[in-house]
Amino acid sequence: MPTPHLSETSAPTTAAAVAEALVMPPAPKGEPAGERVGERVGRRRGGAPTEGLPPEPRPGRPSGRRFPKLLRRPERIPAPLLCLTAMFLVQTGIAFSKPLFGPLGVSGTTFLRLGFAAVILLAVTRPRLSGRRPRDLAAAGLLGMASAGMTLLFAGAIDRLPMGTAATIEFLGPLAVALYFARRASHLLWALLAAGGVTLLTLLGEGGEGGAGLDPVGLLYAFGAAACYAAYILFTDKVGAAFQGFQGLAVSMTVGALAVAPFGFGEVWDGLSAPDASPLMLLLAVAGVSLLLPVIPYALEMTALRRMPQRVFSVLVSLEPAVSALVGLVVLGQLLGAAQLAGIGCVVAASVGATLTGRR
């Protein structure tokens with residue numbers, strides 16, 4: 001669905017664009033097969049109806065300062081570049097989370113990251129819960145539980161597996177949901193291709209130093225994260241129908257943080273109170289990671305979706321496992337073997353193929 005360009009005469013600054021995007025519905029991240037998973041209820045993930053176009057941003061106040069053109073006119077930034085930037089920020093945030101697992105633990109880091117993200121989203125969206133139907137609040141709670149499981153299990157996976165491998169397996173969740181709702185025999189080809197890619201990753205791929213086999217516990221975490229990712233997408237249909245913009249995401253993120261608290265609070269306390277710890281630096285590091293994932297990427301994706309077709313966005317999202325492998329190599333020095341790269345390529349190709357051959 002094409003989206004309108006922002007007006008050049010009323011273009012907000014970058015900060016205003018991010019703030020504007022935060023009150024818009026989040027991008028349907030994780031819907032790789034082109035046909036929106038939530039299409040059957042006519043809504044995108046996060047709550048805005050798919051019918052019609054997003055509302056135009058309100059004109060920003062002209063600034064007397066001389067900003068660079070890209071800062072004064074963010075609509076000049078190509079939409080695909082915004083989308084790719086969002087993906088790299090997500091994967092960079094994941095990579096930067098891994099060094100925090102040492103002092104804060106996997107559960108502790110996840111708890112703090114979800115907590116900081118929840119505080120930011122609550123402050124920006126200020127969701128109203130009064131007058132909500134109980135089933136809507138229950139849906140938001142279930143979405144929060146799915147978010148907590150997805151985040152915690154994926155953190156456990158990347159603690160034991162290369163980022164590219166973990167991200168590719170997790171990506172099977174949204175791919176499976178999209179293929180299921182496509183209900184086309186031709187999509188069986190893409191499902192088989194994705195299955196072949198996972199086989200290459202899990203059975204023939206090697207990880208760790210000296211070519212050691214992939215950690216079986218890490219693989220279980222990754223497949224569990226994929227299942228939670230699928231549930232996350234399904235629950236966003238219901239939450240999106242009941243909440244406007246990012247309000248449902250803010251509520252579910254809060255529930256997710258509370259769900260992880262029993263597992264992570266003890267690790268956080270031990271990490272921050274350790275004799276050689278720097279509590280302020282650790283908290284600042286986690287806060288920065290929280291901005292990298294999910295706050296800023298969702299804002300960038302929403303801005304991109306205003307100006308690019310849904311199908312193009314879905315093709316770009318299909319590249320995320322490859323982006324994860326690249327970031328893992330650059331940031332963490334994780335070099336993947338030929339079988340793992342081939343497996344990632346199969347899953348990416350399956351997602352792109354399913355997108356391009358989906359319903360038009």
Side-chain angles (χ1 to χ4, degrees), residues 1-8 10-39 43-58 60 68-94 117 120-121 124-125 167 171 174 178 233 236 240 244-246 249 291-324 326-327 348 351-352 355-356 358:
M1 180 179 68
T3 48
H5 290 263
L6 302 179
S7 170
E8 183 171 326
S10 62
T13 64
T14 300
V18 171
E20 183 75 26
L22 283 174
V23 299
M24 295 291 293
K29 185 177 176 64
E31 295 180 18
E35 301 174 34
R36 280 183 215 124
V37 175
E39 194 171 17
R43 294 184 180 272
R44 276 202 207 105
R45 195 183 85 177
T50 55
E51 299 88 4
L53 300 175
E56 291 283 356
R58 289 172 294 185
K69 289 184 178 181
L70 286 181
L71 293 182
R72 289 188 290 116
R73 295 182 173 89
E75 79 280 2
R76 291 189 175 182
I77 304 176
L81 180 59
L82 292 177
C83 186
L84 289 173
T85 300
M87 280 192 286
F88 274 98
L89 286 177
V90 167
Q91 299 304 323
T92 302
I94 293 171
I120 294 171
L121 289 169
V124 172
T125 64
F171 199 72
I233 291 174
T236 53
Q244 180 182 8
F246 272 87
L249 180 64
L291 289 175
L292 291 176
L293 176 65
V295 178
I296 294 178
Y298 280 143
L300 294 177
E301 286 176 352
M302 191 60 243
T303 303
L305 274 171
R306 292 174 182 167
R307 293 183 279 119
M308 71 189 305
Q310 172 69 25
R311 185 176 300 277
V312 176
F313 177 83
S314 298
V315 171
L316 290 173
V317 168
S318 300
L319 301 176
E320 191 153 19
V323 171
S324 180
L326 178 60
V327 172
V348 170
S351 183
V352 172
T355 298
L356 296 179

With rounding to the nearest 0.5 angstrom, report the CG to CG distance, Leu300 to Leu82. 6.0 Å
Which value, rounded to the nearest 0.5 Å, describes the distance between Ile94 atom CD1 and Leu293 atom CG? 5.5 Å
Work out which heavy atom in [X] is nearest to a heavy atom in [Y]; give both atom names and the distance.
X      : Y      : value
Ser351 : Phe171 : OG-CE2, 3.6 Å
Gln91  : Val323 : CG-CG1, 3.9 Å
Leu89  : Pro297 : CB-CG, 4.0 Å
Ala167 : Ser324 : CB-OG, 3.3 Å
Pro321 : Ser318 : CD-O, 3.4 Å

Side chains of Val348 and Leu319, heavy atoms from C-beta outward: is any pair under 4.5 Å? yes
Under 3.5 Å donor-acceptor, Thr85 side chain and Leu81 backbone: yes
